[in-house]
Colleague: 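Before I ask anything, let me first share the structure, which is written out below as structure tokens.
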Amino acid sequence: MAVGGENGGATTTGHGQTVCVTGAGGYIGSWIVKLLLEKGYAVRGTVRNPDDAKNAHLRGLAGAAERLTLCKADLLDGDALRDAIAGCHGVFHTASPVTDDPEEMVEPAVRGTRYVIEAAAQSGTVRRVVLTSSIGAVAMDPNRAPDAVVDESCWSDLEFCEKTKNWYCYGKTVAERAAWDAAAELGVDLVVVNPVLVQGPALQPAVNASLTHVLKYLNGATKTYANAVQAYVHVRDTAAAHIRVFEAPSAAGRYLCADGAVLHREDVVTILRKFFPQYPIPKRCSDEVNPRKQPYKISNQRLRDLGVEFTPAAECLYDTVVSFQDKGILPAAPAAPPTQAQL
Ligand SMILES: NC(=O)c1ccc[n+]([C@@H]2O[C@H](COP(=O)([O-])OP(=O)(O)OC[C@H]3O[C@@H](n4cnc5c(N)ncnc54)[C@H](OP(=O)(O)O)[C@@H]3O)[C@@H](O)[C@H]2O)c1
């Protein structure tokens, strides 16, 4: 279904290139579409249902009327993906189930990724595919030394993911491995972005899985915080990183996409309480027995070498909450903008 003609404006502005974004209506996908349109690309976005109100925000993006086309494609529909990708100069493959249900997760993630690489190879026009993988394909390794730096050479341990029933990380790891295998076999230029937990304002109306991570600390859904650590990245930086690795001729391999800090949940609730004391933010850890989990070290050097800049984690969290207020997901309440020292 066409939201706008692909030619309007594309020949006279920006790059004049057409790129496909799978999962265009999702949290990260929407931001990639937004930044691509701002840069003058014509975008073909794949969604499962172009008429669903949850994708309506895409029509409101600047440039959408002239240069955004929505195509219906499920990850298990190789023909639909091939049609969406045919004639494109590049592909941003963000679509993936985000669930720990093994049935829903693994097969669509792996088969869909394979179909996308095959479609890129068949097109004869795609010069690079950028795959959104995850920290989940990198860091799930029980044997990593406590002082080791998590970087692009790390891979999650599939047996460990299986044993701990972490089917999301299992699926992302197998899908990324399948992408590298298919790209090598079919001669496709593949670059992979591995974001950590993404935060920041959502363009789409729904609260996705990564935003629930913070929302539950603000809306009273949880009375305690976990004894766990997490790295964070801003959704705008994540989208910019995808476009940077698409455009940079020298980009190759995997890119960890993280602001560089790893926070304990206690740090997260402390930051949230400092900015937003009006919400029922938990004060107690659910684990009062085990030692406090220690943050691991993570490298974002490869993306910084390409010029990508990262927003501090505190600002990612702040922007997330303001976005919840703006959308009415949380009751709006005045919050002083953070000072430089707070960030
Ligand atoms: N957010 C994070 O913290 C984070 C961190 C690391 C990596 N990632 C990765 O980033 C990508 C985007 O995630 P997100 O956070 O933006 O999640 P999201 O908002 O839930 O978006 C997921 C997208 O995938 C699409 N999708 C799911 N199953 C599909 C299927 N069977 N066929 C076609 N499309 C399907 C969804 O389409 P519908 O709208 O039709 O459901 C949606 O557009 C995923 O690959 C995810 O693994 C996310």
Side-chain angles (χ1 to χ4, degrees), residues 20-34 45-58 70-81 84 91-101 103-116 129-140 156 166-176 178-179 192-215 230-239 241-242 254-259 298 313 316-317 320:
C20 177
V21 179
T22 69
Y27 178 43
I28 296 173
S30 297
W31 268 93
I32 294 175
V33 171
K34 174 180 160 63
T46 76
V47 293
R48 278 187 283 188
N49 180 1
D51 298 323
D52 194 316
K54 75 178 182 180
N55 295 315
H57 62 286
L58 293 170
L70 293 187
C71 313
K72 184 179 167 72
D74 191 281
L75 283 171
L76 295 176
D77 186 345
D79 290 341
L81 289 168
V91 180
F92 296 83
H93 179 39
T94 82
S96 167
V98 181
T99 171
D100 269 327
D101 178 326
E103 307 271 300
E104 279 178 40
M105 181 66 210
V106 183
E107 198 192 347
V110 176
R111 261 175 66 192
T113 301
R114 170 92 201 177
Y115 287 150
V116 165
V129 175
V130 179
L131 166 71
T132 316
S133 184
S134 169
I135 184 72
V138 175
M140 288 289 286
S156 290
N166 195 330
W167 296 109
Y168 173 71
C169 292
Y170 182 94
K172 292 301 286 184
T173 307
V174 181
E176 190 192 324
V192 172
V193 178
N194 298 80
V196 295
L197 191 80
V198 183
Q199 295 295 309
L203 300 173
Q204 86 285 4
V207 176
N208 75 326
S210 61
L211 293 175
T212 305
H213 173 88
V214 166
L215 183 59
Q230 183 75 55
Y232 297 86
V233 67
H234 202 288
V235 66
R236 187 185 48 235
D237 302 340
T238 306
H242 280 73
R254 307 171 94 194
Y255 289 87
L256 267 178
C257 186
D259 98 308
I298 188 164
C316 298
L317 296 170
T320 306

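When a ligand or atom number is given, it counts from 1 through the structure's own listing order. Hydrogens, waters and symmetry mates play no part in the numbers below; they use all other heavy atoms, side chains included.
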Colleague: Is the closest side-chain heavy-atom distance between Pro97 and Leu75 below 4.5 Å?
Modeller: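 Yes, at least one pair of side-chain atoms sits under 4.5 Å.
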
Colleague: Below 4.0 Å from any atom of ligand 1, is there a heavy atom belonging to Ala73?
Modeller: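 Ala73: in contact with ligand 1 (<4.0 Å).
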
Colleague: Test your reading of the model: is there a side-chain donor-acceptor pair from Lys172 to the backbone of Thr132, 3.5 Å cut-off?
Modeller: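 Judged by distance alone, yes, a pair lies under 3.5 Å.
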
Colleague: Out of the candidates Leu211, Thr94, Thr238, only one should pair with Tyr27 under the side-chain contact (heavy atoms from CB on, under 4.5 Å) rule; please name it.
Modeller: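 The option that passes is Leu211.
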
Colleague: Considering the heavy atoms of Pro97, write down every atom of ligand 1 situated less than 4.0 Å from one of them.
Modeller: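 Close to Pro97: 27 (C), 28 (N).
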
Colleague: To check your reading of the model: name the closest protein heavy atom to atom 6 (C) of ligand 1, its residue, and the distance in Å.
Modeller: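 Heavy-atom neighbour on the protein nearest atom 6 (C) of ligand 1: Pro195 O, 3.2 Å.
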
Colleague: Which residue supplies the protein heavy atom nearest to atom 15 (O) of ligand 1, what is that atom called, and how far is it?
Modeller: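 For atom 15 (O) of ligand 1, the nearest protein heavy atom comes out as Asn208 ND2, 3.1 Å.
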
Colleague: So for ligand 1, is Ile28 a polar contact partner (N or O within less than 3.5 Å, distance only)?
Modeller: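 For ligand 1, there is an N or O atom that lies under 3.5 Å from one belonging to Ile28.
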
Colleague: Just wondering, do Cys20 and His93 contact through their side chains at under 4.5 Å, heavy atoms?
Modeller: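 Not touching, per the 4.5 Å side-chain cut-off.
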
Colleague: Mind checking whether Asn194 has a heavy atom under 4.0 Å from ligand 1?
Modeller: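 No, Asn194 has no heavy atom closer than 4.0 Å to ligand 1.
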
Colleague: Judged by atom type as modelled, is there a donor-acceptor pair below 3.5 Å linking the side chain of Ser156 to the main-chain atoms of Gly136?
Modeller: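 A pair under 3.5 Å: yes.
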
Colleague: Please identify which atoms of ligand 1 are closer than 4.0 Å to at least one heavy atom of Thr132.
Modeller: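 Contacts of ligand 1 toward Thr132, numbered from 1: 9 (C), 10 (O), 11 (C), 45 (O).
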
Colleague: Tell me the nearest of Ala24, Gly26, Cys169 to atom 21 (O) of ligand 1, using heavy-atom distances.
Modeller: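 The option holding the nearest heavy atom is Gly26.
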
Colleague: Would you say ligand 1 has an N or O under 3.5 Å from any N or O of Lys54?
Modeller: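 Yes.
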
Colleague: Nearest to atom 1 (N) of ligand 1, what protein heavy atom do you find, and at what distance?
Modeller: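 Checking every protein heavy atom, the shortest distance to atom 1 (N) of ligand 1 gives Ser210 OG, 3.0 Å.
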
Colleague: For ligand 1, which atoms, with element, lie under 4.0 Å from some heavy atom of Thr94?
Modeller: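 Per the distance check, 11 (C), 12 (C), 44 (C), 45 (O).
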
Colleague: Quick check: does any side chain N or O of Asn194 sit under 3.5 Å from a backbone N or O of Ile135, one acting as donor and the other as acceptor?
Modeller: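 Answer holds: no.
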
Colleague: Would you say that Glu103 contacts Pro108 through its side chain, given a criterion of any heavy-atom pair below 4.5 Å between the two side chains?
Modeller: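 No; the side chains remain at least 4.5 Å from each other.
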
Colleague: Measuring from atom 8 (N) of ligand 1, which candidate in Tyr168, Trp31, Tyr27, Phe92 has the nearest non-hydrogen atom?
Modeller: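 Closest candidate by heavy-atom distance is Tyr168.
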
Colleague: Grab the two heavy atoms, one from Thr113 and one from Ala179, that are nearest each other, plus how far apart they are.
Modeller: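 Heavy atoms only, the tightest pair is CG2-CB, 3.5 Å.
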
Colleague: Closer than 4.0 Å to some heavy atom of Val198 - which atoms of ligand 1 meet that?
Modeller: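 Result: 1 (N), 2 (C), 3 (O), 4 (C), 5 (C).
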
Colleague: Below 4.0 Å, non-hydrogen atoms only: which portion of Ser133 touches ligand 1? Side chain, backbone, both or neither.
Modeller: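 Looking at Ser133 and ligand 1, just backbone atoms fall under 4.0 Å.
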
Colleague: With atoms numbered from 1 as shown, which atoms in ligand 1 lie under 4.0 angstrom from a non-hydrogen atom of Gly23?
Modeller: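 Once the distances to Gly23 are compared, the set is 43 (O).
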
Colleague: For atom 32 (N) of ligand 1, which candidate among Ile32, Leu75, Thr46 holds the nearest heavy atom?
Modeller: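 Ranked by closest heavy atom to atom 32 (N) of ligand 1, first place is Leu75.
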
Colleague: Taking the six-membered ring for Trp, are Phe92 and His242 parallel (under 30°), tilted (30 to 60°) or perpendicular (over 60°)?
Modeller: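 Tilted.
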
Colleague: For atom 5 (C) of ligand 1, which candidate among Val196, Leu197, Val233, Thr99 provides the closest heavy atom?
Modeller: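 Answer by nearest heavy atom: Val196.
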
Colleague: With distance as the sole test, does Ser210 use its side chain to make a donor-acceptor pair with the main-chain N or O of Val198 at under 3.5 Å?
Modeller: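 Flag set: sc Ser210 to bb Val198 pair under 3.5 Å.
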
Colleague: Would you say the side-chain atoms of Lys72 pair up with the backbone N or O of Arg48, donor to acceptor, closer than 3.5 Å?
Modeller: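 Side chain of Lys72 to backbone of Arg48: a pair is present.
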
Colleague: Examine the proximity of ligand 1 to Lys172 and report which part, side chain or backbone, both or neither, has a heavy atom under 4.0 Å away.
Modeller: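 The answer is the side chain.
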
Colleague: Counting N and O atoms only, with roles assigned by atom type, does the side chain of Asn55 sit under 3.5 Å from a partner on the main chain of Asn49, one being a donor and the other an acceptor?
Modeller: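 Flag set: sc Asn55 to bb Asn49 pair under 3.5 Å.
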
Colleague: Minimum distance, heavy atoms only, to atom 23 (C) of ligand 1: which one of Pro50, Gly29, Ser96 is it?
Modeller: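 Looking at heavy atoms only, the winner is Ser96.
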
Colleague: May I ask you to check whether Arg48 has an N/O atom sitting below 3.5 Å from an N/O atom of ligand 1?
Modeller: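 In this structure, Arg48 places an N or O atom under 3.5 Å from an N or O of ligand 1.
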
